[in-house]
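Treat the numbers as computed from the prediction; the structure is a model and nothing was measured. Indexing begins at 1, ligand by ligand and atom by atom, following the structure's order.
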Amino acid sequence: MHLDVRCKLFAEYSTTEELSDLLNSTEYRQNRSMHIGGGSNLVFTRDYDGMLLHSQSRFINITDETADTVTIEAGAGMVWDDFVKYCIAHNYYGAENMSGIPGEVGASAVQNIGSYGAEVCEIISRVHCIEKATGKAITFTSDQCRYAYRDSIFKGEYFNRYIVTSVEYTLSKVPQFTLTYGPLKALGQKTDLTLQNVRETIIAVRNSKLPNPTETGSVGSFFKNPVIPENLFTALQSTYPAIPHYPAGNGLIKVPAGWLIENAGLKGYTVGGACVYPKQCLVIANTGNAAPDDIVALYKHIIATVADKYGIELHPEANII
Ligand SMILES: Cc1cc2nc3c(=O)[nH]c(=O)nc-3n(C[C@H](O)[C@H](O)[C@H](O)COP(=O)(O)OP(=O)(O)OC[C@H]3O[C@@H](n4cnc5c(N)ncnc54)[C@H](O)[C@@H]3O)c2cc1C
């Protein structure tokens with residue numbers, strides 16, 4: 001979010017041996033701690049009075065290969081988009097729709113990142129971790145991670161319990177594209193479609209809608225898209241016939257939070273240095289000098305306004321600390 005916040009201690013490591021030494025250190029044992037990746041989904045509301053841990057493990061290895069698939073292990077500290085670029089350069093299919101998502105490999109497995117019709121849990125096969133309290137290594141299968149929309153066991157039951165050290169992804173060597181998302185549909189007509197074409201289209205769409213993280217502080221989508229019962233949706237639709245919606249299974253309907261926010265008149269709404277990003281109302285942007293309190297006041301105002309207007313409670317997708 002480009003906020004001026006500090007932590008008491010910051011520790012980086014490159015290998016599991018260094019991590020083990022760190023977990024045995026007095027500084028670690030005497031302070032509360034939290035592991036971060038690139039910080040692209042974090043909102044620190046004040047200084048962090050503890051130790052932030054960060055991985056610099058950036059290796060990439062092929063761990064298994066069949067005629068049709070390849071399994072690749074990547075270190076938690078590798079930049080996610082570098083992993084995507086590697087897959088595209090080697091003609092491995094499955095990561096391309098998630099081109100350009102900021103952050104690192106470790107967080108991809110915590111957050112269950114996704115975009116343009118793809119979710120990372122579809123390609124994750126195993127997540128390798130170290131338990132913070134014991135220093136023991138443990139591997140979770142994708143099923144054990146209980147992936148759901150931007151959610152995993154690491155955000156719920158196992159919150160702050162494990163450090164992800166590396167992630168194994170299984171990709172297809174056989175060409176297969178997911179082009180269901182609007183701007184990608186036209187690519188389906190191309191006879192010589194490549195992974196690079198998909199990447200370039202996605203990066204162009206992202207650049208047109210989302211703030212560039214190096215210039216403008218944001219966490220991407222600040223809120224999750226709410227999933228509501230059909231009867232509530234039908235009632236809303238009679239008042240707002242234009243409301244966009246998508247089936248979410250089990251009689252539930254997903255409604256874009258960005259539309260709810262914009263239609264509530266909050267496009268560009270500002271509190272101090274924080275604003276509802278006009279090109280995509282799901283994003284809260286730091287216009288340059290936002291204080292943490294501005295972000296907090298703005299996101300609470302959005303939740304209250306949306307609840308008042310539609311009877312829907314928005315939940316932050318961002319990690320608010
Ligand atoms: C402009 C912009 C666009 C975005 N677009 C998308 C998008 O399209 N789709 C999407 O899904 N997300 C998107 N995001 C959100 C963000 O990119 C993801 O949530 C990403 O996974 C965060 O990665 P990070 O490395 O920065 O993690 P951080 O923000 O540093 O951490 C995120 C969480 O992961 C935990 N964590 C990080 N590393 C580890 C580790 N090694 N072990 C244990 N826990 C760990 C942290 O404790 C925290 O809970 C966007 C963000 C921005 C700023």
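- Distances from ligand 1 to the non-hydrogen atoms of His54 include no value under 4.0 Å.
- Of the protein's non-hydrogen atoms, the one nearest atom 41 (N) of ligand 1 is Val164 O, 3.0 Å.
- Near Gly103, with a cut-off below 4.0 Å to any heavy atom, the atoms of ligand 1 are 23 (O), 24 (P), 25 (O), 26 (O).
- Remark: the Ser55 side chain and the Glu104 side chain contain no N/O donor-acceptor pair separated by less than 3.5 Å.
- Within the 4.5 Å cutoff, the side chain of Arg46 has no heavy atoms near those of the Val5 side chain.
- Across Met98, His35, Met1, heavy-atom proximity to atom 36 (N) of ligand 1 is greatest for His35.
- Going from atom CG of Leu195 over to atom OH of Tyr93 covers 4.5 Å, rounded to the nearest 0.5 Å.
- The N/O atoms of Ser40, backbone and side chain alike, include one that comes under 3.5 Å of an N/O atom in ligand 1.
- With hydrogens and angles left out, the side-chain atoms of Asn263 and Tyr310 include a donor and acceptor closer than 3.5 Å.
- Summary of contacts: the protein heavy atom closest to atom 37 (C) of ligand 1 is Gly37 N, 3.5 Å.
- Interface of Ser115 with ligand 1, defined as ligand atoms under 4.0 Å from a residue heavy atom, comprises 8 (O).
- For ligand 1, the polar-atom distance check finds no N/O of Ile113 at less than 3.5 Å from any of the ligand's N/O atoms.
- By the 6.0 Å and 45° rule, Lys254 stacks over the aromatic ring of Tyr149.
- Nearest protein heavy-atom contact of atom 44 (N) of ligand 1 is Val110 CG2, 3.6 Å.
- Near Met34, meaning under 4.0 Å from one of its heavy atoms, ligand 1 places the atoms 47 (O).
- Across every non-hydrogen atom of Glu131 and Leu23, the tightest pair is O-CD1, 4.3 Å.
- Scanning the protein for heavy atoms near atom 29 (O) of ligand 1, the closest one is Asn41 N, 2.7 Å.
- Within 6.0 Å of CG in Asn250 there are 12 or fewer heavy atoms belonging to other residues, nucleotides or ligands.
- If you number the atoms of ligand 1 from 1 as listed, the ones under 4.0 Å from a heavy atom of Glu104 come out as 23 (O), 24 (P), 25 (O).
- Within the 4.0 Å heavy-atom criterion, the part of Arg150 lying near ligand 1 is the side chain and not the backbone.
- The closest protein non-hydrogen atom to atom 31 (O) of ligand 1 is Leu42 CD2, 3.6 Å.
- The residue from Ile321, Val105, Asn112, Asn319 that puts a heavy atom closest to atom 49 (O) of ligand 1 is Asn319.
- At a heavy-atom cutoff of 4.0 Å, ligand 1 is contacted by the backbone of Tyr162 but not by its side chain.
- The side-chain tip of Arg32 points at the ring of Tyr48 from less than 6.0 angstrom away and within 45° of straight on.
- Residue Ile163 has no N or O atom closer than 3.5 Å to an N or O atom of ligand 1.
- Considering Glu317, Arg206, Lys209 only, the shortest heavy-atom separation from atom 4 (C) of ligand 1 involves Arg206.
- Thr165 and His128 share no donor-acceptor pair across their side chains, judged by distance under 3.5 Å alone.
- Of all the listed residues (Ser218, Pro211, Ser221, Cys129), Ser218 holds the heavy atom that lies closest to atom 53 (C) of ligand 1.
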Quiz item: Do Thr170 and Thr69 pass the side chain to side chain donor-acceptor pair (under 3.5 Å) test, and can you show the C-alpha distance, the side-chain angles, and the key distance before you say yes or no?
Solution: CA-CA 7 Å; Thr170 300; Thr69 65; over 6 Å; no
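- Remark: minimum distance from atom 16 (C) of ligand 1 to any protein heavy atom is reached at Pro102 O, 3.8 Å.
- Judged by distance alone, with hydrogens and angles left aside, the side-chain atoms of Asn197 form no donor-acceptor pair with the main-chain N or O of Glu200 at under 3.5 Å.
- Under the 30°/60° scheme for interplanar angles, the aromatic rings of His54 and His35 are found to be tilted.
- Nearest heavy-atom pair, Thr180 versus Lys185, reported as atom, atom and distance to 0.1 Å: O-CE, 3.1 Å.
- Asn112 places a side-chain N or O within 3.5 Å of a backbone atom of Cys121 that can act as its donor or acceptor partner.
- Among protein heavy atoms, the minimum distance from atom 27 (O) of ligand 1 is reached at Ala107 CB, 3.2 Å.
- Of all atoms in ligand 1, numbered sequentially from 1 with element shown, those under 4.0 Å from a heavy atom of Gly220 are 2 (C), 3 (C), 4 (C), 50 (C), 51 (C), 52 (C), 53 (C).
- In this structure, the protein non-hydrogen atom closest to atom 14 (N) of ligand 1 is Val219 O, 4.0 Å.
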